[in-house]
Protein chains: 4
Amino acid sequence: LPAADAFRHRCRHWVTDDVTGHQDSLRRRVWIQISPLGWPHDGLSWPNRIIVVMIIAASVTAIGETEPTIRAAARPLFFGLEVFFVSIFVVEYLARVWTSIEDPRFHHAVWGRLRYMVSFWALVDLVAILPVLLTLVGPDVFLIRLLRLLRILRLARLGRFSTALQNLGEAVALRRFELAMSAGVAVLLLVFSSTLLYLFEGPEQPDTFGSIPRAAWWSVVTLTTVGYGDVYPVTTMGRLFAAVTAVAGIGLIAMPTGILASAFSDVLQRRRRLEGDAE
Amino acid sequence: LPAADAFRHRCRHWVTDDVTGHQDSLRRRVWIQISPLGWPHDGLSWPNRIIVVMIIAASVTAIGETEPTIRAAARPLFFGLEVFFVSIFVVEYLARVWTSIEDPRFHHAVWGRLRYMVSFWALVDLVAILPVLLTLVGPDVFLIRLLRLLRILRLARLGRFSTALQNLGEAVALRRFELAMSAGVAVLLLVFSSTLLYLFEGPEQPDTFGSIPRAAWWSVVTLTTVGYGDVYPVTTMGRLFAAVTAVAGIGLIAMPTGILASAFSDVLQRRRRLEGDAE
Amino acid sequence: LPAADAFRHRCRHWVTDDVTGHQDSLRRRVWIQISPLGWPHDGLSWPNRIIVVMIIAASVTAIGETEPTIRAAARPLFFGLEVFFVSIFVVEYLARVWTSIEDPRFHHAVWGRLRYMVSFWALVDLVAILPVLLTLVGPDVFLIRLLRLLRILRLARLGRFSTALQNLGEAVALRRFELAMSAGVAVLLLVFSSTLLYLFEGPEQPDTFGSIPRAAWWSVVTLTTVGYGDVYPVTTMGRLFAAVTAVAGIGLIAMPTGILASAFSDVLQRRRRLEGDAE
Amino acid sequence: LPAADAFRHRCRHWVTDDVTGHQDSLRRRVWIQISPLGWPHDGLSWPNRIIVVMIIAASVTAIGETEPTIRAAARPLFFGLEVFFVSIFVVEYLARVWTSIEDPRFHHAVWGRLRYMVSFWALVDLVAILPVLLTLVGPDVFLIRLLRLLRILRLARLGRFSTALQNLGEAVALRRFELAMSAGVAVLLLVFSSTLLYLFEGPEQPDTFGSIPRAAWWSVVTLTTVGYGDVYPVTTMGRLFAAVTAVAGIGLIAMPTGILASAFSDVLQRRRRLEGDAE
């Protein structure tokens with residue numbers, strides 16, 4: 001029975017680490033299409049472009065569904081859309097697991113696939129599918145909200161496709177030490193300004209300045225120059241130190257901005273020098 | 001009848017693509033005066049200076065007219081001014097269409113003029129004349145407001161005369177990729193902070209945090225550090241994530257600032273190197 | 001009567017343009033002490049240091065006097081202090097006018113002094129003395145407030161002594177063109193965002209968005225990211241364009257910051273190159 | 001009695017300036033472990049790492065204790081923790097005083113130690129221990145708040161261990177002159193905007209703009225773009241000058257940011273040039 005033999009061979013091919021097979025095996029062709037690593041051209045392959053659009057569409061749907069007025073108007077539509085998106089993501093997830101052993105890092109039929117399944121992006125993909133399972137738990141309000149949050153987290157999957165975003169991240173990483181330092185200065189400023197306002201404003205407004213953690217909310221809102229106006233000092237001493245805090249907030253904005261400005265200028269000069277050497 | 005012949009010749013000259021005629025034909029002389037492309041000197045020609053002043057004056061008039069107290073005091077004056085400005089802009093528009101075939105790009109009496117009329121700046125000029133036609137539609141409140149908006153849009157016509165503004169735009173265009181990236185990061189921040197606040201603050205304040213689109217208004221106001229204070233979190237978890245959002249807002253300001261700072265520094269160095277090579 | 005002769009000679013010396021006299025004439029010695037131009041050493045001379053302290057002290061006094069609770073407690077003290085400061089400034093003003101002809105630019109006993117008196121800093125000095133005269137006008141509330149403003153304006157006199165501040169100003173002047181451009185962009189943003197909010201928010205909140213000038217107050221407060229919260233949009237379309245305005249406000253902050261950052265870096269590099277050439 | 005001799009010798013060794021003794025004396029070994037100056041390796045020694053953790057833990061405890069709800073729940077726990085932290089800091093302080101004479105700067109058994117005790121960081125350490133003594137004074141509310149502030153001040157002790165923070169400070173110090181200048185410009189802006197608002201807004205809102213010091217609170221909140229919204233102008237002239245102030249506030253943020261951006265870029269280039277020379 002040659003047909004049965006061929007089928008059995010095919011199955012064995014799928015589950016074993018026979019990666020030295022034909023270059024144009026179905027698995028390899030799928031892998032090349034859906035894995036950024038395997039894709040030999042610039043930009044994204046058509047399957048990945050469709051997935052990017054699906055991720056954005058699923059997120060927009062999930063955001064819109066949170067609005068009660070919209071949800072009430074089209075409950076079945078949202079259910080249908082969610083089933084549609086999750087089906088696509090499940091198919092995509094299975095395809096990624098199936099083809100993962102084409103990747104030299106996961107070069108084993110069983111262990112390679114398992115190791116792929118616990119890799120960062122594979123877990124992110126899995127989390128994007130889970131919300132459907134959570135709906136089985138029950139109609140608890142907080143869980144339903146959490147579920148929607150998880151749907152939005154699918155957007156994080158876009159990170160996989162964006163090497164440019166990773167470049168931007170590298171530019172930031174170049175100055176991570178200085179940025180961490182200015183973050184440390186920010187924390188010290190936060191603690192000291194909260195303490196001073198607690199000291200002088202606390203007796204007057206115990207609800208909002210009656211402890212350092214309470215005063216910290218005011219302090220964050222002031223140091224970042226957001227200034228909602230729900231909490232503000234009313235005593236002379238409190239206003240004096242609040243003014244100092246607000247001015248320090250400008251420095252808090254100026255420092256990371258200055259650090260990043262020099263980092264971007266630096267990344268660019270280096271890139272140009274490399275291009276100059278290449279010529 | 002030589003006079004009739006001359007008149008017919010003149011008309012043919014106006015409507016045909018006879019652009020190989022005398023260098024000092026009236027049409028060419030007008031074109032040189034009103035087209036920035038034809039003007040051989042630095043700065044603006046006198047007719048264009050007058051038009052710039054007219055655009056600004058017409059915009060200031062249109063802005064002032066929206067104020068009920070001012071409009072009530074001087075209704076006929078505003079009507080007269082509007083007729084006056086529109087007359088000038090109509091004359092200017094006809095002159096631009098008439099002389100457009102002097103421009104090598106629109107080098108045909110009929111098709112060239114039609115192609116000019118659908119070019120970007122010609123459409124902007126046309127939109128600046130249209131409001132008068134809209135007044136015929138009737139006294140609908142929204143239409144009258146829209147009409148005033150269109151009058152203000154005349155200011156956009158100034159862009160035609162400002163090569164410097166275009167240079168500034170080019171400096172921004174140089175880093176359009178990085179700026180688009182930080183815009184993408186901003187959108188992700190917006191979505192995640194809205195989702196978190198919806199999650200923790202929604203049950204407490206359903207009117208303002210009851211859905212992700214509702215929480216997005218708070219999120220924009222916080223990330224841009226505007227902080228009106230019409231919406232702010234009151235729960236401990238909501239305040240915690242709001243503090244993280246506010247701090248992320250500083251990064252959101254720092255990133256484009258850093259990118260633009262290095263872009264300006266880069267444009268300047270390049271310009272200087274070019275000047276150095278020229279010497 | 002040689003004493004009378006000497007006295008007459010001295011008077012003639014004072015009022016004539018006898019500037020070729022003794023290098024150590026009293027007038028010249030006073031001029032060297034009080035004129036930054038004549039002072040051959042670094043920093044400020046002792047008389048000018050005293051005047052700087054007096055200007056600051058007079059301003060602090062004038063600021064404190066505006067507070068009703070402080071003024072009520074020590075009315076005679078404030079009167080005495082004001083008389084004291086004005087006396088010193090009158091003496092200083094007369095000394096400057098008297099010695100001004102030592103300055104090569106004002107090299108004539110009468111015309112030189114008159115020309116000095118209409119020079120910028122001499123007028124600023126005069127304005128600092130005038131408030132006392134204004135007190136004779138009467139007890140009109142607004143005039144008394146204006147009078148105090150003029151006293152504060154004495155602080156502007158410090159500009160005379162600060163060459164460093166002038167350097168900072170030069171660094172800004174280096175990019176005045178780009179800064180003017182971003183100011184122009186800011187005005188366009190202001191006009192367009194005010195118009196859009198007037199269009200969509202006006203029917204809902206006529207008191208605060210009922211005309212473009214009224215909406216402009218909201219627009220300034222948002223574009224500068226101040227965000228008092230006295231005025232904010234409540235309609236969906238209004239909030240949408242308000243969000244766009246707030247984001248544009250970040251660009252509005254980023255642009256001058258980027259321009260100034262590259263200007264400061266540029267001024268420094270140039271200074272260093274000059275020092276390098278000198279070595 | 002050789003044991004008594006050895007003991008007496010040891011005591012003499014401790015209190016005399018016998019620093020030419022064995023390299024591996026206990027005092028020297030302790031000094032090497034706890035003094036950043038003596039530590040020959042990169043990073044922090046284990047005793048200092050423990051102290052850093054203790055300082056942070058003590059501060060977090062002191063911050064948490066100010067919250068009435070937390071304090072009420074665990075009063076004995078906070079007392080125990082405070083006794084524990086203070087004991088450690090007392091031991092640390094005594095160890096630092098005892099070993100200070102190993103430092104060449106304090107090379108005398110009595111005077112060296114006394115001079116160490118009045119050095120900056122030794123006084124900071126002492127202040128961190130004092131709060132316990134203050135508790136003996138009595139249960140005055142303000143004193144207890146001040147006491148907690150002093151506990152938080154222990155965080156300042158971290159500065160001793162952070163050479164990186166000192167580097168950041170040096171980068172700022174490099175442009176201290178320009179930063180001081182922009183601070184001066186800020187003060188002038190503050191005074192003039194307060195005066196103008198006092199002039200035009202004062203008659204309308206005497207409580208908040210009735211004197212220049214009162215208007216200064218509004219001015220700081222606006223110039224730093226915090227904008228709480230507790231105070232804002234309502235008159236046309238007041239709003240006009242407030243708009244100018246808010247725009248000037250952008251310049252106030254742009255200036256130090258630009259200065260710091262060029263400073264960071266400068267520090268980096270210099271460091272690289274030094275590394276380039278070294279290669």
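Numbers restart at 1 for each chain; the letters A, B, ... are given by sequence-line order, proteins then strands.
In this structure, the side chain of Arg71(D) engages the main chain of Glu65(D) through a donor-acceptor pair within 3.5 Å. Proximity of a side-chain donor or acceptor of Glu201(D) to a complementary backbone N or O of Thr235(D) within less than 3.5 Å is detected. Although no hydrogens or angles enter the test, the distance criterion places a donor-acceptor pair under 3.5 Å between the side chain of Ser182(D) and the main chain of Leu179(D). Side chain of Thr66(D) to backbone of Ile63(D): a donor-acceptor contact under 3.5 angstrom is found.
For Val231(D), the part sitting under 4.5 Å from any heavy atom of chain C is the backbone (N, CA, C, O) and nothing else.
Evaluation of the side-chain hydrogen bond (donor to acceptor under 3.5 Å, both in side chains) rule for Glu204(C) yields no partner, not counting sequence neighbours.
For a heavy-atom cut-off of 4.5 Å, chain D lies close to no residue in residues 241-250 of chain C.
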Worked check of ring pair (Phe, Tyr, Trp, His ring centres under 6.0 Å) between Phe209(C) and Tyr198(C):
CA-CA 5 Å; Phe209(C) 290 97; Tyr198(C) 155 73; 9.6 Å; no

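Interface summary for chain D: among Ile253(C), Thr225(C), Asp230(C), the most heavy-atom pairs under 4.5 angstrom belong to Asp230(C). The most heavy-atom pairs under 4.5 Å with chain C, out of Ala216(D), Pro206(D), Ser194(D), Pro233(D), come from Pro233(D).
Within the 4.5 Å cutoff, the side chain of Thr61(C) has no heavy atoms near those of the Glu82(C) side chain.
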